[in-house]
Peer 1: 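Take a look at this one; I'll ask things after.
Side-chain atoms are counted along with the backbone in the values below, which use heavy atoms only and exclude waters and symmetry mates. Along the sequence shown, residues carry numbers from 1.
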Amino acid sequence: MRILGLDTATRATAVALCDVGAGAAGIADVCLDDPAAAFERRDDPPPGVRPRHTSRLLPLTFALLADTATAWPDVDRIAVGLGPGTFTGLRIGIATARGLAEARGLPLIGVSTLQSLALGAVPQARTAGAELIAAVIDARRGELFAAAWAPGPAGVPGSAPAVAERAYRPEELASALGAAGARVMVAGDGAVPFRELLERHGALVPPDDSGMHRVSAVGHCRLGAAIDSDHARPAGDVSPRYLRLPDAELSRRAAQR
């Protein structure tokens, strides 16, 4: 089974193709245990450069399919990150995934971008003896989108987060992770600016340049592979998980006060 993963929740644009073939240890493990089975193309804008989701998502997708000699009939399903993340980025990514799924008659699976981010940290978390993995994305306006999971069977974080998936103030998140009563590893771009705060509350934060802080669409493929086809929803029913009002609406309400 070949799964195409897409994510535009953060400033990056990420596209991955995961080949879940016969003889793999398990559909949830294959992209982690067999790196050759997963391919990713991405665009990470440098600091100060705006996200390029609109101009890069489809070209990256087509380039990835060409590089892997994959025709559209070879793709079995699409997994797209539902966020949380930027309002505009999510709309672009999900609208694109819907269009591709409808045009090609493919099942579309929506996955949590935070859970996918946590999934990518499973090997390092196990090595470090962490019992929880917290995924943290910069939500701007002084907030962080975050949640934490305990690694489940086959390395996939359990579906129910141990720390609720929502927007937090940094101090609030640090306290919530500290109160979890477990050794916590924190991954994601939102963790880097608040390293000192999180570490004071006992969290483990990888080095600033660690790949664990980047959302990878490979995680989307793995989560999408673990979902039964019967749970795939019609493309038009897959919608963003914002967790907070859009910035424009927040600004409008603030101006009215």
Peer 1: Can you see which heavy atom on E40 is nearest to which on V215, and at what distance?
Peer 2: OE2-O, 4.4 Å
Peer 1: Please report the interatomic distance CZ(F145) to OG1(T86), rounded to the nearest 0.5 Å.
Peer 2: 9.0 Å
Peer 1: Scan D67, T68, D74 and name whichever one has a side-chain hydrogen bond (donor to acceptor under 3.5 Å, both in side chains) with T70.
Peer 2: T68
Peer 1: Tell me if a side-chain donor or acceptor on D43 pairs with a main-chain N or O of T13 at a distance below 3.5 Å.
Peer 2: no
Peer 1: Would you name the heavy atoms of L117 and R214 that are closest together and state the gap between them?
Peer 2: CD1-O, 3.6 Å
Peer 1: Taking a hydrophobic cluster as the set of Ile, Leu, Val, Met, Phe, Trp and Tyr residues connected by side-chain heavy atoms closer than 4.5 Å, whether directly or through intermediates, do I78 and L57 fall within one such cluster?
Peer 2: yes
Peer 1: First locate atom CD1 of I92, then atom CG of L6, and finally report the distance between them rounded to the nearest 0.5 Å.
Peer 2: 12.5 Å
Peer 1: What distance do C18 atom SG and R222 atom CZ have between them, rounded to the nearest 0.5 Å?
Peer 2: 8.0 Å
Peer 1: Transitively linked via ILVMFWY side-chain contacts under 4.5 Å: L17 with V80?
Peer 2: yes
Peer 1: Are R195 and D208 ion-paired here, with the side-chain N under 4.0 Å from a carboxylate O?
Peer 2: yes
Peer 1: Is there a side chain to side chain contact (heavy atoms under 4.5 Å, CB included) between F62 and R41 once you walk through the steps?
Peer 2: CA-CA 10 Å; F62 296 143; R41 299 291 180 270; over 6 Å; no
Peer 1: Determine whether L4 and H220 satisfy the following criterion, side chain to side chain contact (heavy atoms under 4.5 Å, CB included), listing intermediate values before the conclusion.
Peer 2: CA-CA 8 Å; L4 178 67; H220 294 25; over 6 Å; no
Peer 1: Taking I133 as the starting point, is it possible to reach V184 by hopping between hydrophobic residues whose side chains are less than 4.5 Å apart?
Peer 2: no
Peer 1: Of all the heavy-atom pairs spanning A217 and G5, show the shortest one and how long it is.
Peer 2: CB-O, 3.6 Å
Peer 1: Can you name the nearest heavy-atom pair linking A12 to P45, along with the distance?
Peer 2: CA-CD, 4.2 Å
Peer 1: Checking the side chain of D19 only, and the main-chain atoms of R2 only, is there a donor and an acceptor separated by less than 3.5 Å?
Peer 2: no
Peer 1: Between R183 and A128, is there a donor-acceptor pair closer than 3.5 Å when you use the side chain of the first and the backbone of the second?
Peer 2: yes
Peer 1: Answer yes if V122 and L132 sit in the same cluster of Ile, Leu, Val, Met, Phe, Trp and Tyr residues linked by side chain heavy atoms under 4.5 Å apart, and no otherwise.
Peer 2: no
Peer 1: How many angstroms lie between atom CZ of R98 and atom CG of L108, to the nearest 0.5 angstrom?
Peer 2: 8.5 Å
Peer 1: Roughly how far, to the nearest 0.5 Å, is CD of E171 from CG of L173?
Peer 2: 10.0 Å
Peer 1: Taking the six-membered ring of Y168 as reference, does the NZ or CZ atom of R166 fall below 6.0 Å from its centre and within a 45° cone about the axis?
Peer 2: yes
Peer 1: Taking all heavy atoms of H53 and all of R11, pick out the closest pair and write down the distance.
Peer 2: NE2-O, 3.5 Å
Peer 1: Determine the minimum heavy-atom distance between M212 and P206, stating which atoms define it.
Peer 2: CE-CG, 3.5 Å
Peer 1: Linking I/L/V/M/F/W/Y whenever their side-chain heavy atoms sit closer than 4.5 Å, directly or via other members, would L106 and I94 fall into one cluster?
Peer 2: yes
Peer 1: Roughly how far, to the nearest 0.5 Å, is CZ of R200 from CZ of F194?
Peer 2: 11.5 Å
Peer 1: Within the structure provided, determine whether V75 and L65 are in side-chain contact (heavy-atom separation under 4.5 Å).
Peer 2: yes
Peer 1: Ignoring hydrogens and angles, tell me if any N or O in the side chain of H213 forms a donor-acceptor pair with the backbone of P207 under 3.5 Å.
Peer 2: yes
